[in-house]
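Note that these values count all heavy atoms, side chains included, but never hydrogens, waters or copies made by symmetry.
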Amino acid sequence: MPEITFILAGLDCVDCANQIEAVVKKLPGVEKVSVSLASGQMAVQSPAELHEQFNVERLMREVRNLGYSIRPLEAGKRITVFVEGLDCSDEVESIDKKLHGLRGILEHKANLVQQAVEIVYEPGAVEPQDIVRAIAETGLKASMERPKQKLGAWWKERKNVLLLVCGILILAGFVFSWAGAAEVLSIGSFVAAVLVGGYYPARMGLAGVRTLRVNIYTLNMVAVVGAMVIRLWEEAAVLIFVYSLGSVLESYAVGRVRGSLQGLMGMAPQGATVKRHGGEEIYLPVSEIKIGDVAIVKPGEKVPIDGVVVAGFSTVDQSPVTGESIPVPRGQGDDVFAGTINQKGYLEVRVNKLHTDTTLAKIITYVEKAELKKSSYQRFADRFGQIYTPSAFGLAVLTATIAPLFFGQPFAPWFYRALVVLAVSCSCGLALSVPVATVSAVSNAARKGILVKGGASLEAASRARAVVFDKTGTLTIGKPAVTDVVPLKMEEERLLATAAAIETRSEHVLGEAITRKTREEGIQIPHIQEFESMPGVGVRARVNGQLCWVSSGRALSETMVLGERGKLEMARLEREGKTIVIIGCDNEVLGLVGIADRVRPESASTVKALKALGIRKTVMLTGDDFGIARAIAAEVGVDDYRARLLPDDKVTEVKKLRDELGSVVMVGDGVNDAPALAEADVGIAMGAAGTDVAIETADLALMSDNLARIPEILSLSRRTVANIKQNVLASLLINEGSMLIVIANGLRLLK
C-alpha cells in the first residue's frame, strides 16, 4: 500500500496527534494514518484503488487549518521555477490553481517578491518541463533559471515603452477631437492606444478565461471591450492607460524590494584564492571550496566564506553582516564571516562552513522567505483576494441587469455603470500592500545587522508590552573583568603583579581576569616557584622568595587580619555584587581585587529607550545570586529582576509576565536561553553571527552584540504594521468606496 510521510511542526501533545489523525482519516483516498509524537512525523497510506481520490495538497491544507505546519518528507524532488513578471496575487492564484490540478505535485509555494515558485514533485508522475509548461499556460513566462537582473534606463523595458506609446496615442486622439479633425483620426488613435496598452493585460486576461478563473486582468479587459462595444472609444483608451500605469507602478514597487534583496545577494563573493597542499594558490568558485581549505584574503577583498583566521592580522568591516559601524581587529583564532571586507592587512582563513551554510547565506535565505511567514494582515489579504475578484465581477453583472430587468430602466446607462464598477475593481493594491511593506522592512533590518524571520515576527514585535533580558552575555559582556584594585599593605602595581604571577599557572576564570588586567596595564609579571593549588581555598606560590597566595573566598580572611579599612572595602565590594579575590604573602593580607562581569556600555540607554517606546516593564533574569543581580539591575535600570534561575525557571517567568502584561519579548544568547526564547512571543538572540543555535531558535537575531538595535527593531516593527494597516485601509476604501459611490449614485435614478 503506497505510503507518504509528512513532517509536522508544533506537535506537542497526545490530543494534538489524535486530532490530526481524526481529521486526516476522513479525507478521500486515506486508508490509514499514524502520527508519531516522538518523531513529529505522520505516515499516511492510500490503497491503489483509492489513490486517484487522494489529494496531498488538500491533506496539508486541512492540517494547516488545525494550526500545525506540515511538509512532505523529501519523498519527491524540490525545484524552484522562476516566473517573469509575477507582480500580483491574482497571478499567484492562477499559478496555484494550475499546479493544484497537476498530478504529481506534492507541495508548492509561490513567492511574489522572489518571482519564484518552490515545488516538491513526484518524479515519474510529473517532470520539471511539464511544470514549466503548466505555469506558462497562465500567460506568464516560466523558467528553471533565475532571470538576470535587468539593468538600464526605463525606456529599455517593453512594458514602460508600450505605456508611453499608449499615452501619446491617447493625447493625439484628444488633440484630433479638439481640433475638429476627421472622426476617424481620433477614433483610430484611441483604438490604437487600446491595442498597444492592452497587450500585457489582454494576455493575462485571456489566460484567466482559459483556466476558467476570473482575475483582475479579466475584469479590466471586459470593461475595456464593453466600453468599445458602446462606442466609448476615449473611455476605453483612458481605462487601459490608467490600469497599465498602475501595473507599471506596482511592478516598480515590487522591483525596488527585489533590488534590495539583490543588493544583499551581491554581498556574497563568487570565488576566492585557496591555498592547497604544497603552497599552491588557485582561484575557485565558492561552491567548490571545502571545509578545511585555507582561503587567502588580501587587503580590500571580501572574506569569501565563513572561517577562522589562522595567519595574519587586519581590521575587518563587518557592517554587511553584523551592522557594526566600526571595523574590528581580526587575528589568529578570530572568526570572520563571508561578505565582510578586509581592510589593510593580509589574512589566511581556514574554512569551517560550506558556502550554502554561511551566516550571510542564512541572512539572504531568511530575507528571501520573509513573505512566506505571513502575518495576520497577509492572511487577510490572501483570503480577501480569493473572494474579491469574483465578487466584483458578480456585482458588475448585477449592476447591469437588476435595474433594466426589474425596474424598467434603460439598459445602456446601467451597462455603463457596470463597466465603471469593473474599472474601479481592477487593482492589485491590497495584495501588494503587505508583502512590499514586509520585505522592505526585513531588508532594511538586515542591512543594520538585524535578522527578521518574516512578517509574523514583525507583527508580534509590534505588540510587545514587556522585554525580558538574560543577564550574562546580554546585559553584560559575559567576560569577568577586574573592576577594583584595593591595595592595603602593598602598592597597586606590585599587588597586581603578585596576583597575576600566581594565577598564570591557574586555569580559573577569575585568574584569567587578573592576568589580563595586569598585561593591559603593561605591568611585568614575575616568575614563580613552588606553585600549589589549595582546593576550596585558592592557590599559592613563591614570588620573589616570599610565599604568597590568592584566595577567591573568605577562608583565609577569617584567620588573617584585614584591619578596619579592609573590612569596609570587602563589605562595599560585596554590596556591589562583585567577586572578591584576596592577595597576601606569608600570614599578611596585602590587598583585595574586585571582579565582576562588566555591563555593556549601551545597556542602560537601551532600557531607557525601551521605556520611551512605551514598554511597560523590563525584567532581568539570571542564574546568579541576588547580590550580583541586584547590583546589575540597578546599574542598567530595569524595573525588576529574578535571580538564581534555572532554564526552566526562566520559561516560567516569561509565562507569568505574559499573563500579567500581554506580549513578551525575550532577549538572550540563543543557547542556554533557548527554552525561554522559544516560549516568548518574540525571541531575540544576541550575537547570532557566530551562533547557529541563535539563528535557528530566535524570531529576531542581532548579528552583533549591540543591544541598541532592540529599540530600533521594535520601532521598525510598529512602523511596518502601521504602514500595512494604512495600505490595506487605503486599498479597501479606494476599491470598495469607489464601487459604492458608483452604485449609490446610479440608484438615485430609481426615485
Side-chain angles (χ1 to χ4, degrees), residues 261 263-276 281-369 443 445-453 473 669-671 685-698 700-706 709:
L261 180 56
L264 281 175
M265 296 175 69
M267 294 178 186
Q270 300 302 306
T273 301
V274 174
K275 181 186 287 187
R276 287 286 168 88
E281 296 182 6
I282 57 173
Y283 185 85
L284 293 175
V286 290
S287 59
E288 296 181 17
I289 297 177
K290 302 175 182 177
I291 294 175
D293 282 345
V294 175
I296 295 172
V297 189
K298 298 176 181 178
E301 292 183 345
K302 288 182 179 180
V303 176
I305 202 161
D306 286 11
V308 178
V309 177
V310 293
F313 181 85
S314 183
T315 54
V316 177
D317 178 5
Q318 297 195 149
S319 58
V321 172
T322 66
E324 296 167 283
S325 58
I326 300 175
V328 295
R330 283 293 176 261
Q332 190 169 354
D334 291 329
D335 292 326
V336 289
F337 309 109
T340 58
I341 304 165
N342 184 22
Q343 299 281 286
K344 297 180 180 180
Y346 169 89
L347 296 174
E348 292 186 6
V349 177
R350 187 175 301 282
V351 175
N352 58 16
K353 290 182 182 177
L354 297 176
H355 77 288
T356 53
D357 298 326
T358 65
T359 301
L360 180 60
K362 290 183 178 180
I363 293 174
I364 293 171
T365 298
Y366 280 117
V367 174
E368 283 182 323
K369 297 183 181 298
S443 299
R447 289 195 299 270
K448 296 178 179 177
I450 307 167
L451 182 61
V452 182
K453 294 186 179 179
D669 64 7
V671 181
M686 289 284 292
T691 311
D692 289 341
V693 176
I695 293 179
E696 297 302 326
T697 304
L700 309 175
L702 307 181
M703 306 312 289
S704 66
D705 292 330
N706 189 353
R709 297 297 188 192

Looking at every non-hydrogen atom in both residues, tell me the closest pair between [X] and [Y] and how far apart they are.
{"X": "Phe313", "Y": "Pro329", "value": "CZ-CB, 3.7 Å"}
{"X": "His355", "Y": "Ile305", "value": "N-CD1, 3.5 Å"}
{"X": "Lys344", "Y": "Pro299", "value": "O-CG, 3.2 Å"}
{"X": "Ile289", "Y": "Ala272", "value": "CD1-CB, 3.8 Å"}
{"X": "Lys290", "Y": "Leu354", "value": "CA-CD2, 4.5 Å"}

Handout entry: Heavy-atom side-chain contact between Leu451 and Met703 under 4.5 Å
Key = yes
Problem - Min side-chain heavy-atom separation Gln343-Asp317 under 4.5 Å - result: yes
Practice task
Report the residues that fulfil salt bridge (Lys or Arg N to Asp or Glu O under 4.0 Å) with Lys275, sequence neighbours left out, ordered by chain and then residue number.
Solution key: Glu348
With sequence neighbours excluded, what pairs up with [X] under the side-chain contact (heavy atoms from CB on, under 4.5 Å) test?
{"X": "Ala445", "result": "Ile450, Val452, Ile713, Leu716"}
{"X": "Glu288", "result": "Leu284, Pro285"}
{"X": "Val297", "result": "Glu301, Val303, Pro304, Asn342, Leu347, Val349"}

What is the distance from atom [atom1] of [X] to atom [atom2] of [Y], rounded to the nearest 0.5 Å?
{"X": "Asp306", "Y": "Asp357", "atom1": "CG", "atom2": "CG", "value": "9.0 Å"}
{"X": "Arg709", "Y": "Met686", "atom1": "CZ", "atom2": "CE", "value": "11.5 Å"}
{"X": "Thr315", "Y": "Ile341", "atom1": "OG1", "atom2": "CD1", "value": "11.0 Å"}

Exercise for the section: Would you mind telling me which of Ile291, Val310, Asp293 makes a side chain to side chain contact (heavy atoms under 4.5 Å, CB included) with Arg350? Expected result: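 Going through the options one by one, the only one that passes is Val310.
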Problem - Under 3.5 Å: donor-acceptor pair, side chain of Thr340, backbone of Gln318 - result: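 Here the side-chain-to-backbone pair does not exist.
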Handout entry: Listed partners of Gln332 passing side chain to side chain donor-acceptor pair (under 3.5 Å), at least two apart
Key =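 Side chain to side chain donor-acceptor pair (under 3.5 Å) check on Gln332 returns nothing, list empty.
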